[in-house]
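I have placed the structure first, in the form of C-alpha cells, so that the comments after it can refer back to it.
Please read all numbers here as calculations on a predicted model, not as lab measurements. Chain letters run A, B, ... following the sequence lines, proteins first, then strands; residues in each count from 1.
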Protein chains: 2
Amino acid sequence: MADQTPSGESLLFLTDEQLRKGIEAMFFAYRGFTADPDRILEGMDYGRAHHRAIHFIHRSPGTTVSNLLTILGVTKQSLNRVLRTLVEDGLVEARVGRRDKRERHLHLTAKGQELERELSDAQRARMRAAYRAAGPQAVTGFRQVLEAMMDPELRRQYQGLKEGGA
Amino acid sequence: MADQTPSGESLLFLTDEQLRKGIEAMFFAYRGFTADPDRILEGMDYGRAHHRAIHFIHRSPGTTVSNLLTILGVTKQSLNRVLRTLVEDGLVEARVGRRDKRERHLHLTAKGQELERELSDAQRARMRAAYRAAGPQAVTGFRQVLEAMMDPELRRQYQGLKEGGA
DNA sequence: GAAGTTACGTCAGCCTTGTTGACTTTCCAA
DNA sequence: TTGGAAAGTCAACAAGGCTGACGTAACTTC
C-alpha cells in the first residue's frame, strides 16, 4: 500500500503487514515473558498481580501504597487484596510513615526478597538469552520501540523509576 | 557486575540493571499496546479475549476451532464462551467443514470485519507511530528480541502464521 | 459393521484479578 | 477546627482464565 520512498529511505517497514507482524510479535513474546514467573507462582497462592507488586516494591523500597497504585494502574481495592496477603504471609512489611503516619512504606522482608530473586532470576534468564541472541544493537532498537509505544504518562514513570524510592 | 569484555564487544547490555529495564519496558509497553483496543471494546460487551479471537480469525480466515485453541493457548471452554457470543452477535460465521464435517471453519462476517478494522486501525496507528519514531533499524532489533523471547513452539506458530488458513 | 478417536459444544463450578460504591479512621495543613 | 488526602475495609459484581464430566456427530481403523 504505502511503499513509495518520500525520503531517501524505504518505508516498507511501515506497511500494514509489517505492523501486523509486530503486533503479533508483542502478543507471543509477552506470553513467553510471563511464562516463567507464572510457572513458579502457580501452586503457591500467588499470581501475576503479586509478582508485579513484589517487583516494584523491590525496585523502589519504601514506596507508598499510592505510588504503587499509580505505577500498576489498578484500583486500591485490587492492590489492597494482593498486598494484604503478602503482608499476612510475611513477604512484605508495611511501615507506618515517620513524617506522615498515614502513609505505609512498603519493604520486602527477607522472605519476600527470596521470592523476588527467584522470580526475577527466571525472568532475567529469559531476557538475557533473548538479548544475547539478538545482540546489543537489536536491544537498543527493542528498547526504543517499546518506549515509543508507551502512553506518555507511563513513559515518564518508566523513565523515572529508580528515583521513586523513599 | 559483569562488565568485562571477553569478546571484542561490550557486554554492558547484559547487566542485571539493563535486563531489569527491559523487563519494565515490556510491562509498560504492553499496557500501551492494549490500551486503544481496550478503550474501543469497553462499553461494547466484548473484551480482550474477543479481540484476540477476531484478530486471528481475520488473519487466518477459515481456521478451525482447534487451530485457534492452539494459537491462543486457552481451553476450549474459555474460547467457546467468546466464540459463542461472537457468532450470536453475527460477527463470526462458523461454517461446517466440507471435507471433515466435524470441523468448524471460522470467518468474519461483514460486521465482524468492520470491528476488526476499527480495532486494528487503532492498534496499528500506535505501532506505526512507534515504528516511525524509532526508525527501521530499531524495528529490526525490536522484532529480533521479541522473537528470541518467545517459547520455541510459540515462535514456530508466530512464524508459521499466514500459511495457517483454510 | 463395530469400536475407537477426534472435533466440537456445553453444563457446572472454581479462581484470580479487575471493577464500582460506600464508609471509616487517621492525620496533615490551612 | 475543619477540610481533604491517605489508607483500609466491606460488599457485590464481571471478565476471563481453569478443571472435570458428559454428549454427539463424524471420521478412522480393524
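- Partners of A:Arg31 under the side-chain hydrogen bond (donor to acceptor under 3.5 Å, both in side chains) rule, at least two apart in sequence or in another chain, do not exist in this structure.
- One atom, CG of B:Asp100, and another, P of C:dC8, lie 8 Å apart when rounded to the nearest Å.
- Near DNA chain D, meaning a heavy atom under 4.0 Å away, there are no residues from residues 30-43 of chain A.
- Here A:Asp121 pairs with A:Arg117, A:Arg124 under the side-chain hydrogen bond (donor to acceptor under 3.5 Å, both in side chains) rule; sequence neighbours left out.
- Rounding to whole angstrom units, NE2 of residue A:His105 and C1' of D:dA6 are separated by 11 Å.
- Scanning atom types as modelled, no donor and acceptor separated by under 3.5 angstrom connect the side chain of A:Arg102 and the base of C:dT26.
- As a whole-Å value, the separation of B:Asn80 CG from C:dA12 C1' is 14 Å.
- Ring geometry for B:Tyr131 versus B:Phe142: interplanar angle over 60°, hence perpendicular rather than tilted (30 to 60°).
- Comparing the start and finish of the helix from C:dG1-D:dC30 to C:dA30-D:dT1, five pairs each, the helix axis swings through 20°, to the nearest 10 degrees.
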Nucleotides 13-23 of chain D: protein proximity per nucleotide (B base, S sugar-phosphate only, - neither; heavy atom, under 4.0 Å): ---BBSBBB--
For residues 82-89 of chain A, run the donor-acceptor check on the side chains, cut-off 3.5 Å, and write out each pair with its distance to 0.1 Å, sequence neighbours left out.
residue: A:Thr85; atom: OG1; partner: A:His50; partner atom: NE2; Å: 3.3
residue: A:Thr85; atom: OG1; partner: A:Val82; partner atom: O; Å: 2.8
residue: A:Asp89; atom: OD2; partner: A:Tyr46; partner atom: OH; Å: 2.4

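- B:Leu108 pairs in a side chain to side chain contact (heavy atoms under 4.5 Å, CB included) with only one of the listed residues (B:Glu114, B:His58, B:Glu93), which is B:His58.
- The aromatic rings of A:Phe33 and A:Tyr30 are tilted relative to each other, their planes meeting at an angle between 30° and 60°.
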